[in-house]
Every structure is written in C-alpha cells, then in structure tokens.
Amino acid sequence: MNKEQFIYLQETGHVSIPVILFNYYAKLGINEEEFMVILQVIKFKQTGNQFPTPTEISDHMTISTSTCTSILRTLIQKGFLIIEESEENRLLCEYYSLKPLWDKLYTYLMKENIEKEQEQNNEEDMSLYSVFENEFGRPLSPFECESLAIWIDQDDYDPVIIKAALREAVMSGKLNFRYIDRILFEWKKNGIRTIDQARNHSKKFRQNQGSNIQKQSDNNEDYQRKVPFYNWLES
C-alpha cells in the first residue's frame with residue numbers, strides 16, 4: 001500500500017460519532033479513558049462487532065485488558081452502558097447497548113435548556129422591574145411589584161408587551177399602574193400579542209379623536225381590576 005492509497009482509505013473510511021457527545025461527555029461525568037472506551041465500542045458496533053471483548057478493545061488503546069474490563073464494568077455501573085440479549089438463528093447473542101448513554105445525554109440537555117430558559121426569564125423579569133423603576137424615577141412599591149408579578153405569572157403577558165404598555169402610558173402622560181393595566185386589558189381583549197400589533201393599535205387609537213383608553217376602560221363593564229394597585233404618591 002502506497003501513501004496515496006493509505007490517505008484515500010483514511011478519508012473514505014470513518015466512524016460516525018455525534019459531535020454533541022464530544023461536547024458533553026465530561027458534564028455527564030465521563031472521564032477521558034471511559035470516553036475512549038465508549039468510542040471504541042461505537043466503532044466496533046458500526047463495523048459489525050456488537051460485543052467486542054475487553055482484549056479486542058484494549059488492543060486499540062494504551063490500556064491493559066484488565067483496565068479495560070474495569071472501565072467497562074464502571075460504565076455499566078454508572079448507567080452509561082448495558083449488555084442486552086437478542087436471538088439470531090435460534091442462538092442467544094449478547095451485545096452492548098448505548099441507549100442509557102443517549103438517555104442520560106438527552107435528559108441533561110433538556111435540563112440545561114430548562115435552566116437556561118428560567119435564567120433568561122429571570123433576567124427579563126429583572127430587566128422589566130428596572131425599566132419601570134427608571135420610568136417612575138423611584139423604587140417600585142411592594143404593591144407595584146406584586147402587580148408586575150401578576151401580569152407575568154397569572155395574566156401571562158409577554159414582558160415586551162408590558163414594556164410597550166408602559167411606553168404608551170408615558171406618551172399619554174398617565175404614568176400609573178392602573179392605567180397600564182387597562183391598556184393591557186384592552187390589548188388582550190383585542191387579541192394583541194405582539195409589539196407590532198400593539199404599535200398599530202396605538203396608532204389607530206390616536207387617530208380616533210375624542211376618545212382615549214381611559215374612557216374606553218371606564219365604560220367597559222368587562223374590565224375588572226385584579227391586581228392590588230396602590231399608588232402611594234397619590235395617597
């Protein structure tokens with residue numbers, strides 16, 4: 001075999017290994033020796049050997065057969081590898097299964113995504129509080145903080161929509177939580193869920209002379225304030 005043939009074989013023959021496994025094996029609690037044994041198992045399975053012996057695996061590594069046996073046992077104990085049975089031509093065969101590894105990886109990724117979403121939501125909530133405090137020029141009262149929490153947690157308003165209602169109140173010169181709540185109520189009643197819809201609604205509203213959100217809300221029997229508004233500046 002000459003060099004060109006050798007290079008050709010290296011470029012045409014390969015084993016498929018998910019990149020995500022390389023990125024997360026350490027976070028799953030797998031060390032480098034264990035990871036290499038897993039890769040060897042994957043290689044053997046993809047080349048037709050579903051149940052390589054510790055000796056066959058160690059022959060392609062720098063570890064002894066006994067060390068390889070110990071690592072395989074550890075991987076099974078840690079729940080990354082299992083030995084399953086199947087019947088072929090009435091013969092009972094054993095093979096390695098990596099299903100537990102993929103299950104653990106999936107569970108970890110889902111947990112990580114949830115934690116990231118929660119962290120992002122917390123950051124958005126904190127940003128929302130900061131925006132309100134900047135507009136009001138003072139710290140929010142406990143009642144106002146509770147009102148914000150109700151909008152987010154119970155009414156399920158998007159923080160972007162809440163900020164848009166705040167800006168609408170600022171432009172109308174009516175910077176108080178009661179007025180903002182009525183804006184949100186009107187938007188929700190009219191099916192407004194995005195910032196563009198809110199802008200278009202506000203634009204059309206301003207073009208309608210002789211009316212405003214305050215009057216619409218006062219005349220709307222459906223509107224019932226559920227949040228505990230208390231403006232200590234008006235006390």
Side-chain angles (χ1 to χ4, degrees), residues 19-20 23-24 26-29 104-235:
V19 173
I20 198 169
N23 294 337
Y24 285 91
K27 294 181 179 180
L28 293 177
K104 285 182 178 293
L105 181 58
Y106 177 83
T107 300
Y108 181 89
L109 293 173
M110 292 301 100
K111 180 181 178 182
E112 186 178 62
N113 288 338
I114 292 173
E115 290 176 348
K116 286 182 178 179
E117 289 178 0
Q118 290 176 343
E119 183 178 350
Q120 183 178 358
N121 290 336
N122 290 336
E123 289 177 355
E124 289 179 353
D125 291 349
M126 290 303 296
S127 174
L128 187 61
Y129 282 87
S130 299
V131 169
F132 267 77
E133 288 182 339
N134 289 336
E135 290 294 347
F136 277 74
R138 58 171 174 78
L140 298 181
S141 70
F143 293 97
E144 292 167 338
C145 290
E146 186 178 353
S147 299
L148 268 177
I150 290 175
W151 286 340
I152 297 170
D153 299 330
Q154 295 184 17
D155 296 330
D156 196 28
Y157 289 130
D158 191 311
V160 174
I161 290 295
I162 297 176
K163 291 178 183 178
L166 171 62
R167 287 193 293 270
E168 186 69 22
V170 172
M171 294 177 63
S172 300
K174 297 177 180 179
L175 189 58
N176 61 74
F177 272 67
R178 187 192 304 271
Y179 188 73
I180 296 170
D181 184 61
R182 287 174 173 171
I183 293 175
L184 291 171
F185 175 83
E186 288 293 328
W187 286 355
K188 187 173 184 179
K189 186 183 71 173
N190 287 278
I192 295 172
R193 303 290 295 177
T194 68
I195 187 67
D196 289 335
Q197 290 174 336
R199 288 170 179 167
N200 291 333
H201 185 271
S202 297
K203 183 178 179 180
K204 292 178 181 178
F205 173 77
R206 294 192 189 95
Q207 293 173 350
N208 184 12
Q209 296 181 355
S211 63
N212 55 53
I213 294 180
Q214 184 74 43
K215 290 180 181 179
Q216 286 184 5
S217 298
D218 288 341
N219 294 330
N220 192 337
E221 296 179 356
D222 293 334
Y223 176 76
Q224 292 183 354
R225 180 166 57 88
K226 301 185 294 293
V227 288
F229 296 120
Y230 177 79
N231 191 338
W232 53 272
L233 289 178
E234 297 177 354
S235 301

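Bear in mind that the values here come from a model prediction, so they are computed numbers and not experimental data.
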Quiz item: Of the non-hydrogen atoms in E144 and F177, which two are nearest, and what is the gap between them?
Solution: O-CE2, 3.4 Å
Quiz item: In Å and rounded to the nearest 0.5 Å, what is the CD1 to CG distance from I161 to L184?
Solution: 8.0 Å
Practice problem: Report the C-alpha separation of E186 and R182 in whole Å, then their side-chain angles, then the decisive distance to 0.1 Å, and conclude whether the side chain to side chain contact (heavy atoms under 4.5 Å, CB included) test is met. | Solution: CA-CA 6 Å; E186 288 293 328; R182 287 174 173 171; 5.6 Å; no
Quiz item: Just wondering, more than 12 heavy atoms not from Y108 lying within 6.0 Å of its OH?
Solution: yes
Quiz item: Between I180 and A169, which heavy-atom pair has the shortest distance, and what is it?
Solution: CG1-CB, 3.6 Å
Quiz item: Taking only residues two or more places apart in sequence, or in another chain, which ones meet A164 in a side chain to side chain contact (heavy atoms under 4.5 Å, CB included)?
Solution: R167, W187, I195
Quiz prompt | Atom pair CZ/CG of F136 and N176 - distance to nearest 0.5 Å | solution = 6.5 Å
Quiz item: If you take all heavy atoms of L140 and C145, which pair is closest and at what distance?
Solution: CB-SG, 3.8 Å
Practice problem: Drop me the distance from K188's NZ to I183's CD1, to the nearest 0.5 angstrom. | Solution: 16.0 Å
Self-check item: Non-neighbouring partners of E112 that pass side-chain hydrogen bond (donor to acceptor under 3.5 Å, both in side chains), sequence neighbours left out
Solution: Y24
Exercise. Please confirm whether the backbone N or O of Y157 pairs with a side-chain atom of D155, one donor and one acceptor, at under 3.5 Å?
Key: no
Quiz item: Do L109 and L105 touch side chain to side chain, with heavy atoms closer than 4.5 Å?
Solution: yes
Quiz item: Could you give the distance from CG (D181) to CG (L148), rounded to the nearest 0.5 Å?
Solution: 10.5 Å
Quiz item: What pair of heavy atoms forms the shortest contact from S127 to K163, and how long is it?
Solution: OG-NZ, 3.5 Å
Quiz prompt | A149: side chain to side chain contact (heavy atoms under 4.5 Å, CB included) partners, not counting sequence neighbours | solution = Y129, D153
